[in-house]
Amino acid sequence: MEPGPHQVKRPRLEAEPLARGSGGPGAEARARQDGAYFHSYSDVSIHEEMIADSARTGCYRRALQGGLRPASGPEPRARVSLLRGRTVLDVGAGTGILSVFCAQAGAARVYAAEASAVMAERAREVVEANGLSGRVLVLRGRVEEAELPERVDAIVSEWMGYGLMYESMLRSVLHARDRWLKPGGLLFPCQAELYIAPVSDPALHERLSFWAGVKEQHGVDMACMAAFARRCLMNDEMVVTPLHGEDVLTRPAMFAAVNLYTVTEQQLEELGGLFSVSAFGIATMHAFAIWFSVTFPTSAPTGDGGDDDGQRSTRSHDDGQRATRSHDGGQRSTRSHDDGQRATSGLDDGQRATSGHDDGYQATSPPADSACTANTSNDASSAKAHASHVTSTHISNGTVESQYAVSANGDNLCEFNFNNDTNPVTFDPNTDECEPVVLSTSPFAEETHWKQTLLYLDEPVQVFQDTVIKGKVTLTPAVDNPRHLRVSLVYEIGDSGKKTKVFKMGEDFSSFE
């Protein structure tokens, strides 16, 4: 299927035959796949698209330049940049813009790893143009093969693909984490969450209705083409397209979350969970939409070390406190997360609390004590800082809802404007924390180049108020090329019975005939 006017696709990555008896691509085939992947980023267009994505680029800038940590010295409430004086590894540096953000934030050294030879040279030019050649070192080659002179305090990467996991760059980040990140180090971002919701697609509806209007316009009855059009358009290929909030037919459900400090490559082989939601009213359902959000750390350990044994502790919570996030203009309001609710912290061990539904479709809820923060040590000072946060979770109609906020301690909020940024970071001088930075690809948020990923049904379905839509969604890498993505969806819409459909991104999709 060629993309229509409302569909967007990245260049397809090269697929290779399986190595005999290997259960996956052979080493030579994998090398060619990686080469094709890196080559796809050697064109200016994709970098233009990413940097022009103001939600994406602005969020990374605020996260990297706006994080705060307590400063040493006699003034306990003084703040310095989270990255100031630190060493940073940028995985998949591309044009080098994130490396420059880190250096502008005061990082002592930044290692910018870029596998594309073309883009590594462009990154060097960008670094030199910004007068940062002395602090940013561009490393040409795969990060898996990089040799750094030291371990780093932080790793930054923009690794997210369509549906979060397309392109599978996260594995490179985890390799860098395990080999190069110091105990107590920071990951930008440090948490990812996946959401699903039934949706109506107005653009698809218009295309499906087109054939019924041909007779009136041209005098030839072509309504018989509608079934053929439906089979062509509503196939098993995932489609990337922008939606609006009004196209979402239920409350979104979070079906998976990833804590980047602890997740393993093995756990990424099957990422997903159960969902159960109820329709708002009468509507035509065309698809399920998937989107994601990522969260960035906002605090670091008070000391330079962290846990000497490499163990990473989780944030301590005070369940009695609730407050709001301060937005760009200094105005305070709650942080909108996808559907106006707030996302919970991530799963790192595959364990999930359930809602207790009797139908077998139990919505998943991450543990409330594993919220995403800095990779902190378990000392009294960290505990004091972390107590200013709250994460409370509940489940309604099978949908995970949660509350997550930074305590404002009344109205005593201050603004910290780093590098004269027009979007100041707000922090509470009575704690060691500042507001969380979240990048959301939700249809309720500012549009990003990721848009939303649609999984089309075989045919449109009419839903009514309180129609229960439930199921299980699982994301896995494709066998022939792990940078490709497969999604297995088992679902029920009302009393229509259980259906299963497997979707692909990057691979050739099966014939509709």
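Since this is a predicted model, take the numbers as computed values, not measurements. These numbers come from the heavy atoms of this one structure, side chains and all, not from hydrogens, waters or symmetry mates.
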Does the gap between the ring centers of Phe188 and Tyr60 come in under 6.0 Å? no

Determine, stepwise, if the pair Gln452 / Thr441 fulfils side chain to side chain donor-acceptor pair (under 3.5 Å). CA-CA 7 Å; Gln452 289 81 45; Thr441 64; 5.6 Å; no

Enclosure of Glu269 CD (heavy-atom neighbours >12, cutoff 6.0 Å): yes

Output yes when Arg179 and Glu147 qualify as a salt bridge under the 4.0 Å nitrogen-oxygen rule, no when they do not. yes

With a 4.0 Å cut-off, would you call Arg142 and Glu114 a salt bridge? no

Keeping the roles fixed (side chain from Arg135, backbone from Ala107), state whether a donor-acceptor pair exists under 3.5 Å. yes

Under the 3.5 angstrom rule, does the side chain of Thr453 hit a backbone N or O of Val240 as a donor-acceptor pair? no

Is the side chain of Arg483 donor-acceptor paired with the backbone N or O of Glu167 at a distance under 3.5 Å, no angle test? yes

Would you call Glu237 and Lys504 a salt bridge, taking side-chain N to carboxylate O under 4.0 Å as the test? no

Would a distance-only check, ignoring hydrogens and angles, find a side-chain to backbone donor-acceptor pair under 3.5 Å from Trp159 to Leu164? no

I'd like to know if the side chain of Asp247 and the backbone of Leu243 have a donor-acceptor N/O pair within less than 3.5 Å. no

Measure from the ring center of Tyr111 to the ring center of Trp180 and say whether it is less than 6.0 Å. no

His286 side chain vs Asp201 backbone, donor-acceptor pair below 3.5 Å: yes

Can you check side chain to side chain contact (heavy atoms under 4.5 Å, CB included) on Leu170 and Leu260, steps first, answer last? CA-CA 9 Å; Leu170 179 54; Leu260 270 71; 3.9 Å; yes

Backbone N or O of His449 within a donor-acceptor pair of the Asp53 side chain at under 3.5 Å? yes

For the CD atom on Glu121, are there more than 12 heavy atoms of other groups (residues, nucleotides or ligands in this structure) within a distance under 6.0 Å? yes

Grab the two heavy atoms, one from Val152 and one from Thr87, that are nearest each other, plus how far apart they are. CA-OG1, 3.2 Å

Sub-3.5 Å donor-acceptor pair from the side chain of Asn130 to the main-chain atoms of Val127, do we have one? no

Is there side-chain contact between Leu439 and Phe292, with at least one heavy-atom pair below 4.5 Å? no

With a 4.5 Å limit on heavy-atom distance, are the side chains of Phe503 and Arg486 in contact? no

Should we count CD of Glu128 as having more than 12 external heavy atoms under 6.0 Å? no

Give me the ring orientation class for Tyr166 and His484: parallel if the planes are under 30° apart, tilted from 30 to 60°, perpendicular past 60°. parallel

Is there a salt bridge (charged side-chain N to carboxylate O under 4.0 Å, His left out) between Arg140 and Glu145 once you walk through the steps? CA-CA 10 Å; Arg140 173 183 166 183; Glu145 300 164 358; over 6 Å; no

Between Phe288 and Phe255 (judged by ring centroids, cut-off 6.0 Å), do the two rings come close enough to count as a pair? no

Which is it for Lys501 and Asp458 under the salt bridge (charged side-chain N to carboxylate O under 4.0 Å, His left out) test, yes or no, and what are the steps along the way? CA-CA 9 Å; Lys501 193 169 183 178; Asp458 290 328; 2.9 Å; yes

